[in-house]
Amino acid sequence: LLVIKMEKVIAPFGNYFRSLTLKTRIEFADEKWEYTEEPHVERRQEILKKHPEIKKLMGPEPLLAVYVTAEVIVQFAIAYWISVYQPGWLVWTLLTYVVSGTLNHSLGAAIHEIGHNLAFGHKYGPANRVLSLFANLPMAIPVAISYKKYHHEHHRWLGHEELDTDIPMKIECQLFRGPFLRFIWILINPAFYAVRPFFKSPRPLTAWEVINLVVQSAFDVLAWHFLGTYAFAYLLIGTAFGFGPHPMSGHVISEHYLFA
C-alpha cells in the first residue's frame, strides 16, 4: 500500500514486496512504501475469528438482480419524465446530482458485486455478465466488463505500483497537490479511474468488452434519439456526479487513498 508516512514495517505473511531487490527498493525511494501483506487476507482472518457467523452471509445473492432492475427502471422513468416535461435547470441539476448520481453510483457498486459473480454464482458466469450489461445501461459509459477485468487485477496485485490500476499514476500525485488541486482531482476522478488501466497495465480486448461497447453504444444512440439531449445528459452527467464530488463516492477515496 502506498502511504505517506511509515513508522515501521510489518509483514507477518510475506508477499511480493518482501522479494523486491535492493535496486527496486531504491527506485521506489521517491515515495514511502509499506511492505506488508495486502490487507484482505489478514482482515478476513481477524473478522472470521471474532465473528464466524459472518460466513452465513457469504455467497451469491440473486436478489441483486431485483435491486438492479428496480434502479434501472427508476432511471429510465425519470429520464422519460425529463424528456416530456423539460424541467428548469435547477430541478434538472438537483435530480441529476441527488437521484441520478446516487442511483448510477449504486449501479456501479452492483457491477462490482456482479463482477465477482455474486448475483448468480460462479457457475453462471454469462448470466452475471448479462446482468452487468443491463446495470450499465443508465450509466451511459461502457464500463461493466472492463471494470471486471481490471478490478480482478487490482485484487491480484493489490499495492503494486504498476499493476494495481487503482493506485494513482505518478503524474496524478505530482499534479494534484494541496487541498484545492485535490478537490479538482476529485471532480475529474471518474475520468482518471476510467482511463488509468489503459495507461498503467493494458490488457487485450475481450469479446465481452466488445459486446459491452456495442450494447451500450446502441442504447446511448437510442436514448439520445428518442429522449433527447436533456434526458440523456441526466444519465451521463449523473454518472460523473456519482463517481466524483458525491457523498456516495466517499468510500472510494477512503478505501484506496491516503492524503497527507
Side-chain angles (χ1 to χ4, degrees), residues 61-115 118-119 127-148 151 183-196 208-253:
E61 177 51 81
L63 276 177
L64 182 60
V66 177
Y67 301 143
V68 165
T69 301
E71 292 183 353
V72 170
I73 290 174
V74 170
Q75 282 292 75
F76 288 172
I78 295 177
Y80 177 76
W81 181 87
I82 291 174
S83 174
V84 172
Y85 293 99
Q86 297 289 305
W89 69 268
L90 181 59
V91 173
W92 179 89
T93 301
L94 289 174
L95 281 173
T96 302
Y97 185 82
V98 176
V99 181
S100 186
T102 300
L103 290 180
N104 278 1
H105 187 100
S106 178
L107 289 170
I111 286 174
H112 169 273
E113 301 302 303
I114 298 167
L118 291 177
N128 285 285
R129 302 293 79 75
V130 171
L131 180 61
S132 70
L133 297 182
F134 180 64
N136 197 166
L137 293 179
M139 298 174 68
I141 303 172
V143 299
I145 305 302
S146 294
Y147 175 81
K148 173 187 180 297
H151 183 68
F183 176 71
I184 298 299
W185 178 81
I186 290 174
L187 294 179
I188 59 178
N189 184 48
F192 279 117
Y193 201 84
V195 304
R196 190 186 295 136
W208 274 107
E209 284 180 287
V210 174
I211 294 172
N212 191 181
L213 177 62
V214 171
V215 169
Q216 190 65 54
S217 298
F219 169 81
D220 289 349
V221 170
L222 291 173
W224 177 78
H225 178 74
F226 289 105
L227 298 180
T229 303
Y230 208 35
F232 180 72
Y234 162 81
L235 299 174
L236 177 61
I237 298 178
T239 299
F241 278 156
F243 289 89
H246 196 283
M248 289 285 286
S249 66
H251 74 93
V252 177
I253 296 175

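Residues: numbered from 1 along the sequence shown.
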(request) Examine distances only and state if a side-chain atom of S132 and a backbone atom of I114 form a donor-acceptor pair shorter than 3.5 Å. (result) no
(request) Please round to the nearest 0.5 Å and tell me the distance separating atom CG of L103 and atom CE of M248. (result) 8.0 Å
(message) Taking atom CH2 as the centre, does W224 end up with more than 12 heavy-atom neighbours from other residues, nucleotides or ligands that are less than 6.0 angstrom away?
(response) no
(request) Please round to the nearest 0.5 Å and tell me the distance separating atom CG of N136 and atom CG of L131. (result) 11.0 Å
(request) Side-chain contact test, heavy atoms from C-beta onward, threshold under 4.5 Å: evaluate it for Y67 versus E61 and give yes or no. (result) no
(request) Identify the two heavy atoms, one from L107 and one from P138, that lie closest to each other, and give their separation to 0.1 Å. (result) CD1-CG, 3.8 Å
(message) Can you tell me how far apart OG (S100) and CE (M139) are? Round to the nearest 0.5 Å.
(response) 10.0 Å
(request) Measure up the F241 and Y97 rings against each other and bin them: parallel (under 30°), tilted (30 to 60°), perpendicular (over 60°). (result) perpendicular
(request) Write down the atom of V99, the atom of Q75, and the distance for their closest heavy-atom approach. (result) CG1-OE1, 4.3 Å
(message) Can you confirm whether more than 12 heavy atoms, excluding those of F76, are under 6.0 Å from its CZ atom?
(response) yes
(message) So does I145 get a backbone contact from the side chain of N212, meaning a donor-acceptor N/O pair under 3.5 Å?
(response) yes
(request) For residues F219 and L137, report the shortest heavy-atom separation together with the two atoms involved. (result) CE2-O, 3.1 Å
(request) Hey, could you give me the CG/OG1 distance between L64 and T69, rounded to the nearest 0.5 Å? (result) 9.0 Å
(message) I need the L94 CG to W89 CH2 distance, nearest 0.5 Å.
(response) 8.5 Å
(request) Determine, step by step, whether Q216 and L133 satisfy the side chain to side chain contact (heavy atoms under 4.5 Å, CB included) criterion, reporting the C-alpha distance in whole Å, the side-chain angles of both residues, the deciding distance to 0.1 Å, and the verdict. (result) CA-CA 8 Å; Q216 190 65 54; L133 297 182; over 6 Å; no
(message) Between N104 (side chain only) and G242 (backbone N and O only), is there a donor and an acceptor less than 3.5 Å apart?
(response) no
(request) Could you tell me whether the side chain of I211 reaches within less than 4.5 Å of the side chain of R129, counting heavy atoms only? (result) no
(message) If I compare all heavy atoms of G238 with all of T96, which pair ends up nearest, and what's the gap?
(response) N-CG2, 3.6 Å
(message) With a sphere of 6.0 Å drawn around OH of Y80, does it hold more than 12 non-hydrogen atoms of other residues, nucleotides or ligands?
(response) no
(message) Using only atom types and a distance under 3.5 Å, with no angle test, would you say the side chain of S106 pairs donor to acceptor with the backbone of T102?
(response) no
(request) Give the minimum heavy-atom separation between Y234 and L95, together with the two atoms involved. (result) CE1-O, 3.6 Å
(request) Taking all non-hydrogen atoms of both residues into account, name the closest pair between L187 and P245 and its distance. (result) CD2-CG, 3.4 Å
(message) For F232, run the side-chain contact (heavy atoms from CB on, under 4.5 Å) check against D220, L227, V221 and tell me which one passes.
(response) D220
(message) Please check: side-chain N/O of W92 versus main-chain N/O of Y230, any donor-acceptor pairing under 3.5 Å?
(response) yes
(request) Please check if the side chain of S83 supplies one atom and the backbone of A79 the other of a donor-acceptor pair under 3.5 Å. (result) no
(request) Determine whether L235 and T239 make a side-chain contact, defined as any pair of heavy atoms from C-beta on separated by less than 4.5 Å. (result) no
